[in-house]
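Please read the structure below before turning to the comments.
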Number of protein chains: 2
Amino acid sequence: MSSMTTTAPDGGTRMRSEDRRALVLEAATRVFGERGYHGATTDAVARAAGVSQPYVVRMFGGKEAMFLAVLDRTLDRIIGAFGEALDENRRTADPDDVDALAMCIGRNYVDLLRDRGLLLSLMQAFLLGADPDIGPHARAGFRRVYRYLRDEVGLPADRVHEVLAQGMLINTVVGLKMVDDIDDDPAAAELLGQLFPTKLEVLLSMRESAS
Amino acid sequence: MSSMTTTAPDGGTRMRSEDRRALVLEAATRVFGERGYHGATTDAVARAAGVSQPYVVRMFGGKEAMFLAVLDRTLDRIIGAFGEALDENRRTADPDDVDALAMCIGRNYVDLLRDRGLLLSLMQAFLLGADPDIGPHARAGFRRVYRYLRDEVGLPADRVHEVLAQGMLINTVVGLKMVDDIDDDPAAAELLGQLFPTKLEVLLSMRESAS
DNA sequence: GTCTATACCCAGATAGAC
DNA sequence: GTCTATCTGGGTATAGAC
């Protein structure tokens, strides 16, 4: 519905501004994820989204505001994925089986890799705790995830801890692009095989994708 | 020995160039850790080390070479800490007690936080896997740590995995500067209490330290 | 809403004196 | 070895047309 487009007289494609904003946000997520906040340029985001550089600046009011918007969207998607895992587990398994629940959360988390840059731009934000504007925002986001797992999902404290640790390792290995070395180094293959027991294809599909 | 300094006639302090290099490397570690590769400026490193900006550029041949030097030093120190943990455990505990060994490694790892920026600049490198020069270097470094834990320390595969995950979570929480919110949010305190059962003081000491 | 053109600043690197 | 001065490129943001 909101993705409806209208064709302009000249054959070019125009779209509703909310959709364009979503598109730019997605492009920004990818660019910030790959190069980090400081390494990313508003120009790279603009090119990835197919719009002009001054436009993306205007759209969000500045680079930093854009990054914070990416961060918020990312957190929403992660919490959403955890919520879905919770529902799914309630339907298909014993609600008290914590192992099954944790596994289900892990699967849904790995699926988030399909939204390219999502987990990486989050990780980039997490390393900017020293930044006076981004830092507080990032900390609040992390605690939001922590509390959701503890209070809404209802995992015991040590399980929350475990899930988070596993998540950070996944983010790191993805950030490293360790898949790129999977054919050259048995250690890389071993580690990735352990980390992605069921979903290795998700990772492999990220090797030679488009920019 | 190599830290001997000689006082110049004008009262200023000169030192051997290797020492100066080590000093700059340490400063660079802090700056890269706080702001990331792209966010860090050679000028900030120079000021932190008390030398001129062109000098640090010359000293390493460029910003990127300096970052790679920081990365190498960091990996050496981490492997060194693990080696010490291994020795310590062999002396004081049953060499086959994997739990004791893992715990000992964890303690030595947390001690590395005293070298400010060390674990963070490493983490920053790990998120730059997409960079054509830094990426391969960072991947090789990660696998070096992985292999050391597996082959030299002799941890079973699932333990290596666990130790790495825990390490990445520690790095993340430090990068977030989560300690800054420890008084304001019980969730922050809870998480940190779990993550640093014995060594919370190491973290707390990092709150209002010098720049 | 979206573009082109451009102002302005900042950072990495070089030249060259001491 | 180490500094000061400076060139140069590139990146954010603004002005203003369409």
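Convention: sequence-line order gives letters A, B, ...; per-chain numbering from 1.
Atoms CZ (A/R58) and P (C/dA5) sit 17 Å apart, rounded to a whole Å. Counting to the nearest Å, the P atom of C/dG12 and the CG atom of B/D43 are 8 Å from each other. Rounded to an integer number of Å, the gap from NE2 of B/H38 to P of C/dG12 is 11 Å. Atom NZ of B/K63 is separated from atom P of C/dC10 by 15 Å (rounded to the nearest Å). In this structure, A/F67 atom CZ and D/dA13 atom C1' are separated by 19 Å, rounded to whole Å. Following rounding to the nearest Å, A/F60 (CZ) and D/dT12 (C1') show an atom-to-atom distance of 15 Å. Computed from coordinates, the A/E64 CD to D/dT12 P distance equals 13 Å when rounded to whole Å.
Counting only distance, with no hydrogens or angles, the side chain of A/K199 and the backbone of A/G106 share no donor-acceptor pair below 3.5 Å. Without hydrogens or angle criteria, B/R139 side chain to A/L176 main chain gives a donor-acceptor distance under 3.5 Å.
Under a 4.0 Å N-O distance rule, the pair B/R91/B/D87 does not qualify as a salt bridge.
Residue A/Q53 places a side-chain atom within donor-acceptor reach of the base of D/dA13, judged by atom type and a 3.5 Å distance cut-off alone.
Contact annotation for B/S52: base contact, defined as any heavy-atom pair under 4.0 Å involving a base atom. Across all strands, A/A40 comes closer than 4.0 Å only to sugar-phosphate atoms, never to a base (heavy-atom distances).
Taking the side chain as every heavy atom from C-beta outward, B/L119 and B/I78 approach each other to under 4.5 Å.
Among D/dT14, C/dC3, C/dT14, the nucleotide with an atom closest to any side-chain atom of A/P54 is D/dT14.
Ring-plane geometry between A/Y37 and A/F67 is classed as tilted, the angle between the planes lying from 30 to 60 degrees on a 0 to 90 degree scale.
Here A/S17 reaches the OP1 or OP2 of C/dG1: one of its side-chain N or O atoms lies under 4.0 Å away. At least one side-chain nitrogen or oxygen of B/T42 sits closer than 4.0 Å to the OP1 or OP2 atom of C/dG12.
Taking the nucleotide of DNA chain D with the nearest heavy atom to each of B/M59 and A/G61, the more 5' of the two is matched to B/M59.
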